[in-house]
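Here is the structure we will look at.
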Protein chains: 2
Amino acid sequence: MSGGVEWAVHCCVVLSEAEGPVPAQRLAEFHGISRTYLAKHLQALSRAGLVSSTEGRVGGYVLTRPADQVTVLDIVLAVDGREQAFRCTEIRQNGPLPASAEACARPCGVARVMHAAEQAWRASLKQVTVADLAAGVTADVGAGTFPALRDWLAGQG
Amino acid sequence: MSGGVEWAVHCCVVLSEAEGPVPAQRLAEFHGISRTYLAKHLQALSRAGLVSSTEGRVGGYVLTRPADQVTVLDIVLAVDGREQAFRCTEIRQNGPLPASAEACARPCGVARVMHAAEQAWRASLKQVTVADLAAGVTADVGAGTFPALRDWLAGQG
DNA sequence: TTTAACGCGGATGACTGATGTCCGCGATTA
DNA sequence: TAATCGCGGACATCAGTCATCCGCGTTAAA
């Protein structure tokens with residue numbers, strides 16, 4: 001699992017609490033991470049339609065949907081891609097006793113188990129929204145966190 | 001997710017249906033995969049205690065436990081390691097507004113969500129045993145599959 | 001007793017993907 | 001006109017996967 005997912009989720013939480021477009025420069029500075037590399041992941045979020053970007057001088061990123069309609073799964077799939085982590089190489093078709101062609105119409109039992117587990121993983125991520133995460137931050141580190149964030153964002157602009 | 005997991009699971013299914021120790025050579029030949037590389041994964045299974053190895057001339061691998069007491073999760077953890085796929089880099093402690101030390105006693109909300117999803121993934125893999133997979137093979141490709149496998153294994157010995 | 005088959009672990013190299021940077025382009029605003 | 005910003009491609013680096021080979025000790029058959 002790529003580390004860019006962590007950055008992207010944290011950025012979405014920040015965007016959900018910001019009042020206007022936030023440029024990648026600010027997001028990177030706020031999180032203490034690489035600006036150029038974070039830009040890649042933000043562009044992936046933009047291509048997936050999760051965030052909207054405004055170009056030009058006072059540009060930046062805004063959440064496209066309300067925070068309670070953006071799940072963590074949405075972000076993970078946008079950054080890490082939609083393909084399954086398990087890739088069946090069909091080794092049942094190899095060797096001296098290969099499976100018949102008609103038996104290979106459906107995926108093999110091993111692949112089915114792996115894909116079911118991945119579905120469970122995705123279902124778990126789908127249950128949590130960016131709004132839930134933002135509420136968790138307030139509960140964890142205090143109600144003053146996001147006002148302070150907004151002040152810092154405004155002070156930089 | 002490493003491809004060696006797929007090999008290891010298939011090998012465990014074969015071992016569950018074999019009558020005696022099966023050497024890595026046979027397992028690799030049967031699946032049409034690299035012998036030397038498969039040996040690495042089998043050694044990982046051995047270190048994890050899932051299979052027992054007998055050295056020497058007629059050596060090979062045997063399942064240590066009954067097939068209905070070996071879960072797919074056991075195999076995955078043995079081959080791919082027991083660490084979580086998501087690694088929190090604690091970016092909440094970076095930047096101009098770092099989280100306080102006491103707030104960082106517990107993992108952050110993002111990490112909690114990711115770890116919960118991984119737990120769901122593991123729980124799903126834990127529900128399926130090697131015996132279940134073997135039964136699935138019989139259902140998918142016919143009851144004659146494992147007898148033919150045993151014949152082939154005996155014929156090579 | 002010799003030989004061949006086998007498991008084990010370390011060293012090694014190729015390859016793939018993740019990570020990270022840089023540059024040029026077009027858009028927008030001061 | 002200049003500065004800021006998003007976008008995409010090219011590029012370099014690095015870690016992990018994939019795969020091979022070697023030497024060692026073990027065991028059973030010839």
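It should be emphasised that the depicted structure is a prediction, and the values quoted were computed from it without experimental measurement.
The two residues Val51(B) and Thr64(B) come nearest to each other via the heavy atoms C-OG1, 3.1 Å. Smallest separation of non-hydrogen atoms from Val130(A) and Cys12(A): CG1-O, 3.6 Å. The two residues Ala78(B) and Leu45(B) come nearest to each other via the heavy atoms CB-CD2, 3.9 Å. Here the closest heavy-atom approach between residue His31(B) and residue Asn94(A) is recorded as O-CB, 3.1 Å. For the residue pair Arg122(B) and Leu73(B), the shortest heavy atom distance occurs at O-CD2, 3.6 Å.
With contacts defined as side-chain heavy-atom distances shorter than 4.5 Å, the pair Glu90(A)/Glu6(B) does not qualify. Annotation: side chain of Thr129(B) is not in contact with side chain of Leu133(B) (no heavy-atom distance under 4.5 Å). Two residues are said to be in side-chain contact when any heavy atoms from C-beta on lie closer than 4.5 Å; Val22(A) and Leu153(A) meet this criterion.
With sequence neighbours left out, Asp151(B) forms a side-chain contact (heavy atoms from CB on, under 4.5 Å) with no residue at all. Checked against side chain to side chain donor-acceptor pair (under 3.5 Å), Ser2(B) has the following partners two or more places apart in sequence or in another chain: Asp80(B). Residues satisfying the ring-ring contact (aromatic ring centres under 6.0 Å, His included) criterion with Phe30(B), sequence neighbours excluded, are Trp152(B).
Listed by first then second residue, pairs satisfying ring-ring contact (aromatic ring centres under 6.0 Å, His included) with a partner in residues 83-122 of chain A number zero, not counting sequence neighbours.
Rounded to whole angstrom, the span from the CD1 atom of Ile33(B) across to the P atom of dC18(D) amounts to 12 Å. For the pair Leu38(A) CG and dT21(C) C1', the computed distance is 14 Å after rounding to whole Å. One can place CG of Asp80(A) at 7 Å from P of dA18(C), the figure rounded to the nearest angstrom. Look at CD on Glu6(A): it is 15 Å from C1' on dA18(C), rounded to the nearest Å.
Looking at residues 109-116 of chain B, you'll see that no heavy atom sits under 4.0 Å from any atom of DNA chain C. The stretch residues 70-78 of chain A does not touch DNA chain C, since none of its heavy atoms comes less than 4.0 Å from the strand.
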All N/O pairs under 3.5 Å across the protein-nucleotides 13-17 of chain C interface:
none

Distances under 3.5 Å only, N/O to N/O: pair up the protein atoms with those of nucleotides 23-25 of chain C.
none

Short heteroatom pairs, N/O only, protein and nucleotides 3-9 of chain D, under 3.5 Å:
{"residue": "dT4(D)", "atom": "O4'", "partner": "Arg57(A)", "partner atom": "NH1", "Å": "3.1"}
{"residue": "dT4(D)", "atom": "O2", "partner": "Arg57(A)", "partner atom": "N", "Å": "3.4"}
{"residue": "dC5(D)", "atom": "OP1", "partner": "Arg26(A)", "partner atom": "NH2", "Å": "3.4"}
{"residue": "dC5(D)", "atom": "O4'", "partner": "Gly56(A)", "partner atom": "O", "Å": "3.1"}
{"residue": "dG6(D)", "atom": "OP1", "partner": "Ala24(A)", "partner atom": "N", "Å": "3.0"}
{"residue": "dG6(D)", "atom": "O3'", "partner": "Ser53(A)", "partner atom": "OG", "Å": "3.0"}
{"residue": "dC7(D)", "atom": "OP1", "partner": "Ser46(A)", "partner atom": "OG", "Å": "3.1"}
{"residue": "dC7(D)", "atom": "OP1", "partner": "Ser53(A)", "partner atom": "OG", "Å": "2.5"}
{"residue": "dC7(D)", "atom": "OP2", "partner": "Tyr61(A)", "partner atom": "OH", "Å": "2.5"}
{"residue": "dG8(D)", "atom": "OP2", "partner": "Arg47(A)", "partner atom": "NH1", "Å": "3.0"}
{"residue": "dG9(D)", "atom": "N7", "partner": "Lys40(A)", "partner atom": "NZ", "Å": "3.2"}
{"residue": "dG9(D)", "atom": "O6", "partner": "Lys40(A)", "partner atom": "NZ", "Å": "2.5"}

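Using five terminal pairs a side, the axes of the helix from dT1(C)-dA30(D) to dA30(C)-dT1(D) at its two ends make an angle of 0°, given in steps of 10 degrees.
In this structure, Ser2(B) reaches the sugar-phosphate backbone alone: every heavy-atom distance under 4.0 Å involves primed, P, OP1 or OP2 atoms, never a base.
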Inset, instruction - In sequence, state the C-alpha distance, the side-chain angles, and the governing distance for Leu15(B) and Val62(B), and then conclude on side chain to side chain contact (heavy atoms under 4.5 Å, CB included). - result: CA-CA 6 Å; Leu15(B) 291 180; Val62(B) 185; over 6 Å; no

Inset, instruction - Could you please spell out the steps behind the side chain to side chain contact (heavy atoms under 4.5 Å, CB included) verdict for Val141(A) and Arg92(B)? - result: CA-CA 10 Å; Val141(A) 303; Arg92(B) 60 178 171 174; 5.6 Å; no

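Electrostatic pairing of Lys126(A) and Asp74(A) does not count as a salt bridge here, judged by no charged N lying under 4.0 Å from a carboxylate O.
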Enumerate, atom names and distances included, each donor-acceptor pair closer than 3.5 Å involving a side-chain atom of residues 33-44 of chain B, sequence neighbours excluded.
{"residue": "Ser34(B)", "atom": "OG", "partner": "Thr36(B)", "partner atom": "OG1", "Å": "3.4"}
{"residue": "Ser34(B)", "atom": "OG", "partner": "Tyr37(B)", "partner atom": "N", "Å": "3.1"}

Solution key, residues 97-114 of chain A side-chain donor-acceptor pairs under 3.5 Å, sequence neighbours excluded:
{"residue": "Ser100(A)", "atom": "OG", "partner": "Ala103(A)", "partner atom": "N", "Å": "3.4"}
{"residue": "Arg112(A)", "atom": "NH1", "partner": "Pro107(A)", "partner atom": "O", "Å": "2.8"}
{"residue": "Arg112(A)", "atom": "NH1", "partner": "Asp140(B)", "partner atom": "OD2", "Å": "3.2"}
{"residue": "Arg112(A)", "atom": "NH2", "partner": "Asp140(B)", "partner atom": "OD2", "Å": "3.3"}

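Using a 3.5 Å distance cut-off with no hydrogens or angles, the side chains of Thr71(A) and Gln127(A) do not pair a donor with an acceptor.
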